[in-house]
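Quick note on labels: first sequence line is chain A, next is B, and so on, each numbered from 1. Note that the coordinates shown come from a computational prediction; the quantities given were computed from them, not determined experimentally.
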2 protein chains.
Amino acid sequence: MKQRQSRRQRNAPTISDVAREAGVSPMTVSRVINGERNVRERTRAEVNRAIEVLGYTPNRAARSLASADQIIIGLLYSNPSAAYLSELLVGGLEQASRHNIQLVVEKCDSEKDAESVAMRLVAGGVEGILIPPPLSDQPRMLNLLHSSDTPAVAIASECVRENIASVSIDDYRAAYEMTRHIIDLGHRRIGFITGDDNQVASGRRLAGYRDALAEAGLSHGEELIAEGRFTYRSGLDAAQKLFELDSPPTAVFASNDDMAAATVAVAHRRGLDVPTDLTVCGFDDTALATTIWPELTTIHQPIIEMARAAVDLLAERVRARRDEEELESRHQLLDFTLARRQSDAPPPDEKRRTEQRTRVVAEKLG
Amino acid sequence: MKQRQSRRQRNAPTISDVAREAGVSPMTVSRVINGERNVRERTRAEVNRAIEVLGYTPNRAARSLASADQIIIGLLYSNPSAAYLSELLVGGLEQASRHNIQLVVEKCDSEKDAESVAMRLVAGGVEGILIPPPLSDQPRMLNLLHSSDTPAVAIASECVRENIASVSIDDYRAAYEMTRHIIDLGHRRIGFITGDDNQVASGRRLAGYRDALAEAGLSHGEELIAEGRFTYRSGLDAAQKLFELDSPPTAVFASNDDMAAATVAVAHRRGLDVPTDLTVCGFDDTALATTIWPELTTIHQPIIEMARAAVDLLAERVRARRDEEELESRHQLLDFTLARRQSDAPPPDEKRRTEQRTRVVAEKLG
DNA sequence: CTGAAAGCGCTTACAG
DNA sequence: CTGAAAGCGCTTACAG
C-alpha cells in the first residue's frame, strides 16, 4: 500500500502533539487552552508544561472554522466618493482583521442595485452591513435594512432608524465653528452655499452657519445663502449669484470642497484674488482641497477612525443579534478638526474693495 | 435515534450548497473559485450562476486551514494619490480574498519611513510587497526591495530591476494616441505640459507626444513644451507660459489631470472658453477630471485591474520563492482607454482667434 | 473531570 | 474534465 502523501506544510505542533506529550486527549488540551475550569489542577499543569515544551500556538483558522465564531460583515459602497472610500477601507480593514472579522467589500452602481446587492450579501451570510455616504443618506436603503432587521451602521449620516446605528461628526458644530472662524477673521458679510437637499448633513451645516451668525449679531436676510447640490457645477452657479449681489460677501463658506473650489474658480475669472480679496472655505477635506491653489481651509473628518468605530459598533450589534438581545440604536459622534490653509484671510480694507468693484464694472462695460 | 444537533451557526451557503445547486461536485466548485482552467466552459458558467444565485462567499478559515498555504503580502503606500488608492484597494482586496491571500495595507509618511515600514513588514512575516506610485518610482525603495531580495511588484512604474515585476499601462502609447486624437480634431499647434522629471512615466508621455507630432509632420521647436511637476500649481505656471507665446497653442495636452485642470483655470481667467477657444486634455482620469467643468478628456488607467494583476503577479513570485525557483522580472502592460468628455473640440476658426488675441492685448494695455 | 466521535468548509492527492 | 476520499486543526455535543 502506497502511503498517501501528507498535506501538512508547516510543521508547527498541533493540539494532538500536545495531547500526546501530556498523555491526555486533545479535548482536554482544548479545555485548558480555553480556560475552562472543569479540568483537574494536575492535568492542567501537565498540559501547560507540554504546551511550553512544544512551543504550541493554536491555529487560528482551525479555531474559527470549528467554533463558527467568525463574523462576516459587508461594506456596501456606490461610486461617488473615491477618496473617501480609500480611507474607509484602510480603517475598516484594519479593525476587521484585528477582531477576526471578515469584511466583504462590494460596489453597487445605482440605488436600485444597492438594495439588491445588500439583499444578496445578507442571503450570502453577511450578518451586518456598513453603509458609507451617499448610500447612508438614502431613505429607501435605510428602510430596507431596517425592515429586514439587518444589523447596520450608517457612516456620516444621522438618519435615525430604530435599529440602525451611526458614526459621524457633528456637522452642525463643524459648520458653526467654521463660521465663527470666518467671523473672527473680521468678516461681516459671509456667503453660504448649501448642499444637496436630500442629504441630512446639508441642513445641519446650514443651521450651524445660521446660528453662528445670529450669535454674533450678524444675521442678514437670505440673500447671502445660495443653493448648491454638492457638485462643482452647482458651486459655479451659486458663487456667480453671490458675486452679483449689490453688496457681495467678503467670504464664502461652501458646504463642501467641490463647491468651494468652484467658488475660487469664479472669483479668479472675475479678477479677485483668494484670499486677499475673498475668503473661501470648504467642508470635508477631500483631495481637491489640497490640489487647487490656494489650498482650501476646510473641515477635516477623521474618516479612518470613523470606519474603525463603525466596524466595532457593527460587530457588537451582530453579536447581540446572535444572542437575540435587543440593542437600541446608537449614534456615535467623533471629533472633526478645522484644517486651516491658504484660502482665508481678513477682509480687504474698504479702499481696495471699492477699487475692485469699479474694475469689475469697467470690464463689464468695456 | 436522536438527531445530533447541527453545529452550524451561520446559515451561509457552503461549497456543497453551490455544488448541489449547480449539479456538480464540491471539487468542481472549488476549481472554479480558484480559477483553475481545467473546467469545461459550460460547467464553469453553471457554477458561477449558482454562486451568484446563492450569494456564496468562500469561508476563509476553511480555505486557509485546508490549504495551509496562506500567503501574506503587503501593500505599502504613501499619501499622495487617495483616489488612486481606493481603486487600488478595491482591486487588490478582491483578488487577494479570492486567492486566499492576506493583504496587509500599510501607510507610510515619508520616503525614509517607507523603507523602515517595508522592512518591518518583512520581519513580521509578509512575504511580498506591492508598491503603488509614487513609491514605485523611488529608486531607493526599489533598490532596497531588490537588495533584500523581497518579492515585489511595482504598479504604474516601469523601473527595471532584476527581481522586481511591474504592472502598468503603456504611457508612451497612451500619450501618442491622445496627441493623435487632438491632431485628428484639426489642431496644428498643440502645447504639452510635462510631468515630474524623476518619474519614469513623464519621459514616456513626452516621447509619445513628440512622435505623434513628428509622424503627422507637425514637429515644431521646443517652445510648445512647458515644464510641469504634476502639481496643480506647476500646471498654472506652465499654462501661463504657453499662453504668452507669440503664437499660442489651440490645444494643450497636460501630462496629468491636475495640470490640465490648472490649464482650464488659467484659460478661464484669460477669458478663453474651453473647448470652444481651447482644447485641454489630461492624463490619469482622476476624480478631478470629472469634478471640474468642463469635464476633461483624458487617459483612463484600469487601476482596479492593475491591482488585481499585481496581486496575481506577486503571489506567483512569492510561491516561486518558497520553491526556491528563479523568476525573471516581468513587466505586464494593461490596456488604457481614451475617455472623451467635454474639454476638446476642433480649433476655433481663424477669425475668432484673431478677435481673441486682440481682446487679450486690449486687456493688457487697459 | 475526561474522552471518542463527528463535524466546521474547504483543498490536496489521487483515480478515472 | 470531473469526482470520491481523506485530511487540515480545532471545537461542539454527547456520553460516561
Side-chain angles (χ1 to χ4, degrees), chain A residues 1-20 22-47 51 54 56-72 100 102 124-125, chain B residues 1-47 51 54 56-71 97-101 319:
Chain A
M1 257 216 177
K2 210 165 38 173
Q3 172 90 32
R4 198 185 176 87
Q5 196 176 314
S6 163
R7 295 177 50 196
R8 289 187 61 197
Q9 299 205 5
R10 310 179 314 123
N11 43 6
T14 71
I15 199 168
S16 304
D17 297 329
V18 175
R20 202 175 313 117
V24 298
S25 75
M27 197 51 242
T28 302
V29 177
S30 174
R31 288 199 176 92
V32 172
I33 295 167
N34 292 299
E36 288 172 33
R37 60 192 58 172
N38 48 352
V39 178
R40 199 160 38 130
E41 203 41 62
R42 251 187 74 191
T43 314
R44 179 188 306 279
E46 190 57 31
V47 169
I51 288 174
L54 298 174
Y56 168 76
T57 333
N59 178 314
R60 272 184 77 184
R63 287 184 99 161
S64 60
L65 176 57
S67 67
D69 77 328
Q70 199 185 13
I71 293 182
I72 305 183
N100 196 29
Q102 189 172 338
Chain B
M1 255 219 177
K2 211 166 36 170
Q3 171 93 30
R4 199 186 177 84
Q5 194 177 316
S6 165
R7 294 179 49 197
R8 290 186 61 195
Q9 299 206 5
R10 310 181 314 120
N11 43 5
T14 71
I15 199 168
S16 304
D17 297 327
V18 175
R20 201 175 312 115
E21 169 78 22
V24 298
S25 74
M27 196 52 243
T28 301
V29 177
S30 173
R31 289 199 176 93
V32 172
I33 295 166
N34 292 301
E36 287 172 33
R37 60 191 58 173
N38 50 350
V39 177
R40 203 161 34 128
E41 202 42 60
R42 255 188 69 195
T43 314
R44 180 188 305 280
E46 189 57 32
V47 169
I51 288 175
L54 298 175
Y56 168 74
T57 333
N59 178 312
R60 271 206 195 169
R63 288 183 98 163
S64 59
L65 176 57
S67 67
D69 87 326
Q70 201 186 11
I71 292 180
S97 96
R98 193 177 252 161
H99 293 352
N100 197 30
I101 290 168
R319 291 207 182 86

Between atom [atom1] of [X] and atom [atom2] of [Y], what is the distance when rounded to the nearest 0.5 Å?
X: B/Asp17; Y: B/Ile51; atom1: CG; atom2: CD1; result: 12.0 Å
X: A/Thr43; Y: A/Asn38; atom1: OG1; atom2: CG; result: 11.0 Å
X: B/Thr14; Y: B/Leu54; atom1: OG1; atom2: CG; result: 9.0 Å
X: B/Arg44; Y: B/Glu36; atom1: CZ; atom2: CD; result: 9.0 Å

- Query: If we call it a pair only when both distances are under 3.5 Å in a Watson-Crick or G-U wobble match, what pairs with C/dA4?
  - Reply: none
- Message: Partner lookup for C/dA13, please. Criteria are Watson-Crick or G-U wobble with both distances under 3.5 angstrom; report none if nothing qualifies.
- Response: none
Value in whole Å for how far the [atom2] atom of [N] lies from [atom1] of [X]:
X: B/Met27; N: C/dT12; atom1: CE; atom2: P; value: 8 Å
X: B/Ile33; N: C/dC10; atom1: CD1; atom2: P; value: 7 Å
X: B/Glu46; N: D/dC1; atom1: CD; atom2: C1'; value: 16 Å
X: B/Arg20; N: C/dC10; atom1: CZ; atom2: P; value: 12 Å
X: B/Ile15; N: D/dT2; atom1: CD1; atom2: C1'; value: 14 Å
X: A/Arg42; N: C/dC1; atom1: CZ; atom2: C1'; value: 14 Å

Counting side-chain heavy atoms from C-beta on, which of [options] comes nearest to [X]?
X: B/Arg40; options: D/dT2, C/dC10, C/dT12; value: D/dT2
X: B/Asn38; options: D/dG9, C/dT11, D/dT2; value: D/dT2
X: B/Tyr56; options: C/dT2, C/dA4, C/dC10; value: C/dC10

Using a cut-off of strictly less than 4.0 Å, decide whether [X] has a side-chain nitrogen or oxygen near OP1 or OP2 of [N].
X: B/Arg31; N: D/dT2; value: no
X: B/Ser30; N: C/dC10; value: no
X: B/Ser25; N: D/dG3; value: yes
X: A/Thr28; N: C/dG3; value: yes
X: B/Thr14; N: C/dC8; value: no

- For A/Thr43, answer base if it contacts any base atom (sugar-phosphate contacts may also be present), sugar-phosphate if it contacts only those atoms, and nothing otherwise; contact means non-hydrogen atoms under 4.0 Å. sugar-phosphate
- Task: With heavy atoms under 4.0 Å as the rule, sort B/Pro26 into base, sugar-phosphate or nothing.
- Result: nothing
- Message: Can you give me the closest heavy-atom contact between A/Pro26 and A/Ser16, atom names plus distance?
- Response: CG-OG, 4.4 Å
- Message: Reading DNA chain C from 5' onward, which residue's closest nucleotide shows up sooner: B/Val29 or A/Val24?
- Response: A/Val24
